[in-house]
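Take a look at the structure set out below.
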Amino acid sequence: MGKINLDEKKIGHARSAATRIALSLQEFIAEHTTVAVERTVARLFGIDGVDGEGVPLPNLVVEDIVRGGGISRGAAYYIANACVALGATPLQVAVQVAEGRLALTTLPREQQGVEAFIAQLAEIALQKITERRRQREDYLAEHGEGRQPYLYVIVATGNIYEDVTQAKAAVRAGADIIAVIRTTGQSLLDYVPYGATTEGFGGTYATQQNFRIMRAALDEVGQEHKKYVRLVNYASGLCMPEIAAIGALERLDMMLNDALYGILFRDINMQRTLVDQHFSRLINGYAGIIINTGEDNYLTTADAYESAHTVLASQFINEQLAHLANIPDEQIGLGHAFEMDPDIEDGLLLEIAQAAMARQIFPRAPLKYMPPTKHMTGNIFKGQVMNAMFNLTSVLTKQGIHLLGMMTEAIHTPFLQDRYLALESARYVMNTARNLGDEIAFVAGGKIESRANEVLGQALLLLQEVEKTGLMEAIEAGIFADVKRGRFGGKGLAGVVKKAPDYMNPFPALLASRHLQTK
Amino acid sequence: MGKINLDEKKIGHARSAATRIALSLQEFIAEHTTVAVERTVARLFGIDGVDGEGVPLPNLVVEDIVRGGGISRGAAYYIANACVALGATPLQVAVQVAEGRLALTTLPREQQGVEAFIAQLAEIALQKITERRRQREDYLAEHGEGRQPYLYVIVATGNIYEDVTQAKAAVRAGADIIAVIRTTGQSLLDYVPYGATTEGFGGTYATQQNFRIMRAALDEVGQEHKKYVRLVNYASGLCMPEIAAIGALERLDMMLNDALYGILFRDINMQRTLVDQHFSRLINGYAGIIINTGEDNYLTTADAYESAHTVLASQFINEQLAHLANIPDEQIGLGHAFEMDPDIEDGLLLEIAQAAMARQIFPRAPLKYMPPTKHMTGNIFKGQVMNAMFNLTSVLTKQGIHLLGMMTEAIHTPFLQDRYLALESARYVMNTARNLGDEIAFVAGGKIESRANEVLGQALLLLQEVEKTGLMEAIEAGIFADVKRGRFGGKGLAGVVKKAPDYMNPFPALLASRHLQTK
Amino acid sequence: MEIRPYGDTLHDGAVQMSFTLPVPMSPEAKEAAKQLVHRMGFQSVSVVHMADAGEGFSFMVVYAKTDAMVDFSTISVPQVSAVQLSFYGVNAYIRREIGRKVVVLGACTGTDAHTVGLDAIMNMKGYAGEYGLERYPEMVAHNLGSQVPNETLISRAIELGADALLVSQVVTQKDVHIPNLTELVELVEAEGLRDRLVLICGGPRLSHELAIELGYDAGFGSGTLPPHVASFIVQEMVRRGIK
Amino acid sequence: MEIRPYGDTLHDGAVQMSFTLPVPMSPEAKEAAKQLVHRMGFQSVSVVHMADAGEGFSFMVVYAKTDAMVDFSTISVPQVSAVQLSFYGVNAYIRREIGRKVVVLGACTGTDAHTVGLDAIMNMKGYAGEYGLERYPEMVAHNLGSQVPNETLISRAIELGADALLVSQVVTQKDVHIPNLTELVELVEAEGLRDRLVLICGGPRLSHELAIELGYDAGFGSGTLPPHVASFIVQEMVRRGIK
Ligand code: B12
Ligand code: B12
Ligand SMILES: Cc1ncc(COP(=O)(O)O)c(C=O)c1O
Ligand SMILES: Cc1ncc(COP(=O)(O)O)c(C=O)c1O
């Protein structure tokens, strides 16, 4: 497309402001680790399972190291050290810790071969992830990438088996992407639940076993329909990097991954989750998983007209933070949303302006486009039409990842028929308007172009301000989503650890240096 | 707008071909009258009411003249002659005929003063119509014309009182125009039913009393909402000019008026209805009533993609026929429809092309745009979305008279809630996309432009063919709507009468010569 | 097997509903809607939307859960009993089993002017990729078109020696089709033609069940294709010994 | 006055419905849908659409007519009993009748993170043109935000000397809000605070009726505006003699 006459200079300035914001944040991130990061290392080293009380072994291991005052050196060191000392695997070591038979920090240190062993464990982990990535690439080579916008629907019954039924039905009705929504509150858990689960509220627990069950189901139904069905779950929350790791191991294809979401909407401590985010993104990037960012959420608490520029500004920052985690543009699913008040005259023009602008500023990113949610009401018949306008805007402006709006948005998590009808409607609209985007041009200097440039201009000013104050300070001032969060407030601060000089974690360097080829 | 780069020369050629087609038809029309035309004269002379069996007096009068072999001279003469002879009003004369006490053709002829009396009766009739027109203009001056596209909904309960309830509810929900659908089969009746009626199937009888009841109701609710609510009924059928006259007397604002509809879809004899049409249009034109033509119907029996050009060709012809009946462009509501198969890729582009093209070729006509009907199914949720795309296309291409699609189109004539939801949806779509048409341009040489030019080219060829063969012959060959009708087939042929040299009807000349000023 | 509507959990009984009440929008109207749906035997009734539909009417959208179940294993649907033949199959069958051309007459009767459905079955060009009956070499098909009075249809049937009558009824408002369809059967019987004729009706709101009830041999609804109808006609003729 | 749904004729009982059946699309599925709706007590049941919803499910759209009626004159809805005051009215009332600042605490409790509704009631900037409680000069309003455990809410209430608690619950899937709302009342009672507190809950799926049932003083649903809530709080305080 590239049809809106945007001020390219401003785009350039905005991007470099965002780069500087990201870099300055990166200094802080580089100096810290978190309990979640360390648990992730444990998981990548093959530690999985729960104790008799259901507490995950990675938690027990990291708690043990914390208790022993060793966490600032990193879990990798202590685990490998124990392995070398005891001639055991990390899992065996963890079991001993869980059974209270071992305290990792009490073993002799500075043994020979620990560093080599760490490198070896890391290599095995990366190989598993690489293999998953290859599997995906094989599937895609077999069935093709599919046509964008990808139709993305959620399942959220709370029961993974019921979710499977609904997901398969959705694929048969045309879905390209299935997201399993998490149970309400999971993001505040400082551990990842375990096993297959059947009891969630407004969503289903994200567990490795649940990922596996859904992955198998989607591969099966995908084969039948000769397409690769993408699976999504959520990394944001107190276990951001752990879930990213699990996702990498179970071949998820996309993960909601955005520290800002956790900060603003889950009141998670910003230091904690920004550090977590970086590691989780390194993993996502390496695994070929597309990250989805959460700017769309801002418009649920702030007004979509007034705050449109905050979405754009945040996209610029998220893009740069993703780049710093070695994620290529093709894996950066920047979020935005169709949340303008439906009563605004020419509201559709504003939406088109925003969507086309984002498409143009981030040409290679598979933009994640969210449907109207806030202004949806119990009037399902009007909601169906609002979603139709959203579908149209999406195909018109060539969005990448298209979350289907449900006419029952204001009522319940989707019934099977809601999803079916949403898919049918989207297929109709996107087919009947398939090439409309190529057949129309926006009038130069018209409302659409002016709006896009207005939003761009405001975003640039905002970024310049954030650059001055710093991102954390800007969040403290409430610039995003009309929500203010303190640097030392929120959940999970206790899990933030300043790295010691001898801190050791093999993954960041490996993940960042090796760039897998997509075929 | 004027945005599609259309071949202006072809438009010119097409229009002149249509002019010649219309003129050659007009020769035939000028030589004939029909029983319906003569009944209309009787009505305009003030003859109304029914006999004991419910037969309308205009029918009894005209039958009496037919029986007496006088019809080729025209009813005007015999009625006036009787009035002069008996010193009675036309109504008094008619009552005597109805009671079997008088045979009009048996009275002495060539009396003094008959012609003057005819002129006087005609003058009175035109004054009544003029007064209605003035009333409308006063209302419009008070409340304004309103914004196009006008939202047009039907009521069709079969019961005029129930219709009133539904019509008022519709106005409160945003309707600008109310059409009372006729009961199935009325168009084949060779008389106009009488009085207030409560028993119709899929529609309500068109009677003068029903018109009056609805007119009063709409004036009332219109006053409350500070707008002028337009009222529509159907002239097409065996009583075309009579209903046009009644409409003029009861201040209808629009009338479906199209001989081709009657020919193709009601199997009415073409000679009969073409003659009827001309007189009915003269009346509509004079009364300031917007005519609505029926090209949209072609796409219910023929394919909308294949036969798009037949719609355009017919619009050209209808425009010229309307001009010959002295109707200004502003009163020519040419019909077309959004009837493309919803499964066609880029179907919306084709619809936009067709609608924008019509808008551009007939810039001053208040185009009547019909919603999807043929491809509507029992799936109301998909239907709601198809209607949304139609609403969008309409506002985008600036249509004039917008018939609301009902999600229950394939099921039943609208329930109150169907109409409510349709209005709500149209208001939303048209508001959110209000100025979209001014903010986009069609890519030069693109699909939309090419399609419009393709349709224009085909329409021109068709018109040139019709010009060669003549319109009646073309209808015999089945060029419109995939339906063939013979020149001597169908209903009502018996009512066609060749005018005698002394044929007399004061109205055509008066209606055509005087052009009322709209303020 | 007992079944019940499904929202997101087996047997949850979830149903969406909408309707209009003849009372102005108000908390009482909403409550009335709720009670009404309770009276229909629903649980967990939630009136999720109420709107002023104008003129003293209020519009409601409701989600609720029903306790009603049906035993799916007991469901049986009266179905047109004929082996489904193709265009070629039908013609071969006629040549083999009947040995003469089959004469078929179609019409939209009464005031019905909806010919598209009947045309889909009869016209040369056919419908959805299937030829219409006019194209069948072993059939003589006459399409009388729209608004045909029952009397005319019967007199034409006698005149043309029809084996089967195809009657289309699309307008069903206030059950206007019922007396019209009934009248035809009565007239056919009065003329003593019933045994010699295959009587078929069709239209989007008609079902085989209703057709049987009204005294027809078969009824065809939405989605019918020409060979469905042709297959039935020829097999019914053979079954009844119409030769 | 007996009322019944209205389609296009008074008392016609017309209702639109849709639901999914856990059986594959088939004529039997359609018939099952019809029978099911009959069992709900409907007449003239018409399954106007059936679709394959995938995975052995079929989706149905139905129109039917119900015989159910409700007597509209007997409907009464429990309603928040307070004279509706304006922003100015509430503040004047407090000055006149209470004579000190009213302390109000709000929270989205449990795992609920939907703050928009509560913010609409409490925030300075307000909602739909009405100031929120934080702007009321005679009130001291504290908004504790999202995901607040009931225990925390109560200890803060004691600490701040709250007169009224405003609890928001938006997630209601599988009735998750019921135990959470119930727990709060129990804790308040256990602390012996019930008499001294005006207890209010709100959210789009909550009603005043449900609130009363759960032991709250009032419940507020969709479309609530700040002065509605403020009016109730102050009048309830005076009624109960909370000073
Ligand atoms: C096209 C159309 C018209 C055209 C008809 C043109 C023509 N020559 O046929 C015109 C514009 C003239 C028209 C007029 C009217 N129509 Co009309 N029309 C429709 C429409 C949009 C589509 C019907 C159609 O063509 N369907 C496509 C065909 C292929 O499907 P089908 O008819 O179901 O046929 C299939 C099967 O049913 C079966 N079948 C049908 N007949 C037969 C017969 C036999 C023997 C067999 C074996 C099978 C069979 O096989 C076919 C192929 O699978 C419907 C709405 C809709 N989307 O359904 C309204 C609709 C049928 N019309 C309606 C009405 C009320 C009218 C009018 C009275 C007023 C009005 N609202 O405009 C007038 C008067 C008509 C009259 N007296 O009959 C109503 C009927 C309501 C009801 N249930 O009673 C409908 C449902 C619209 C509505 N919601 O108001 N209409
Ligand atoms: C915005 C939103 C979010 C935002 C919330 C941001 C925030 N800080 O509030 C985010 C993105 C974080 C979010 C997350 C989730 N959400 Co959410 N969300 C919504 C959404 C789109 C709009 C809610 C809203 O803001 N409404 C506007 C406000 C003004 O209206 P209101 O809440 O009704 O408030 C009014 C009245 O109810 C009343 N009121 C409300 N509270 C109170 C309190 C008192 C004391 C009083 C007096 C009055 C009162 O006054 C208000 C003003 O009139 C709804 C869908 C919808 N359209 O309703 C889903 C919805 C509520 N979410 C839902 C779910 C399931 C979730 C998630 C669990 C998973 C998911 N689907 O994303 C997560 C987790 C959240 C959690 N643990 O709570 C479901 C709930 C289903 C159900 N019935 O249980 C909904 C209905 C969407 C759906 N169909 O799945 N969500
Ligand atoms: C970026 C991002 N992460 C996570 C979530 C969901 O997280 P939770 O499971 O905490 O509700 C969302 C929700 O929309 C999101 O946008
Ligand atoms: C031009 C025209 N006239 C008349 C009618 C309706 O006429 P009838 O009452 O004969 O069905 C239509 C229907 O759509 C029409 O388009």
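Lettering follows sequence order; numbering is per chain, from 1.
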Against chain B, work out which of C/Pro204, C/Gly110, C/Ser18, C/Gly56 has the most heavy-atom pairs shorter than 4.5 Å and name it.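 If we count pairs closer than 4.5 Å to chain B, C/Ser18 comes out on top.
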
Look at C/Lys125, C/Arg205, C/Gln173 and state which one has the largest set of heavy-atom pairs under 4.5 Å with chain B.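 Max contact count across the listed options: C/Gln173.
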
Within a radius of less than 6.0 Å around [atom1] of [X], do more than 12 heavy atoms belonging to other residues, nucleotides or ligands occur?
X: B/Tyr205; atom1: OH; value: no
X: B/Glu224; atom1: CD; value: yes
X: C/Tyr131; atom1: OH; value: no

Verify, without hydrogens or angle tests, whether B/Lys168 (side chain) and C/Gly54 (backbone) share a donor-acceptor contact under 3.5 angstrom.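 No, the answer is negative, given that no donor and acceptor are paired below the 3.5 Å cut-off.
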
Do side-chain atoms of C/Gln147 reach the backbone of B/Arg266 as a donor and acceptor pair under 3.5 angstrom?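 Yes.
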
If you measure from [atom1] on [X] to [atom2] on [Y], what distance do you get to the nearest 0.5 Å?
X: C/Phe19; Y: B/Leu416; atom1: CZ; atom2: CG; value: 14.0 Å
X: C/Phe59; Y: B/Arg419; atom1: CZ; atom2: CZ; value: 13.5 Å
X: B/Phe201; Y: C/Thr172; atom1: CZ; atom2: OG1; value: 11.5 Å

Within residues 21-52 of chain C, residues adjacent to chain B where the heavy-atom gap is under 4.5 Å: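 Heavy-atom contacts from residues 21-52 of chain C to chain B are C/Ala51, C/Asp52.
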
Go through [options] and name the one with the most non-hydrogen pairs under 4.5 angstrom from chain C.
options: B/Leu188, B/Asp267, B/Thr301; result: B/Leu188
options: B/Gln166, B/Arg172, B/Lys374; result: B/Arg172
options: B/Leu421, B/Val483, B/Leu423; result: B/Leu421
options: B/Val221, B/Thr183, B/Ile411; result: B/Ile411

Need one label for C/Ser222: side chain, backbone, both or neither, based on atoms under 4.5 Å from any heavy atom in chain B.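 No part of C/Ser222 comes within 4.5 Å of chain B.
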
Under a 4.5 Å heavy-atom cut-off, does chain B meet the side chain of C/Val176, its backbone, both or neither?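 Both backbone and side chain of C/Val176 come within 4.5 Å of chain B.
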
Where do B/Gly158 and C/Lys174 come nearest, in terms of heavy atoms and distance?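 Heavy atoms only, the tightest pair is CA-NZ, 4.4 Å.
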
Check each atom of B/Thr157 against the heavy atoms of chain C and say whether the ones under 4.5 Å are side chain, backbone, both or neither.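 The answer is the backbone of B/Thr157.
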
Will you find, in the side chains of C/Thr20 and B/Gln417, an N or O donor that is under 3.5 Å from an N or O acceptor?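 The criterion, which ignores hydrogens and geometry beyond distance, is satisfied for B/Gln417 and C/Thr20.
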
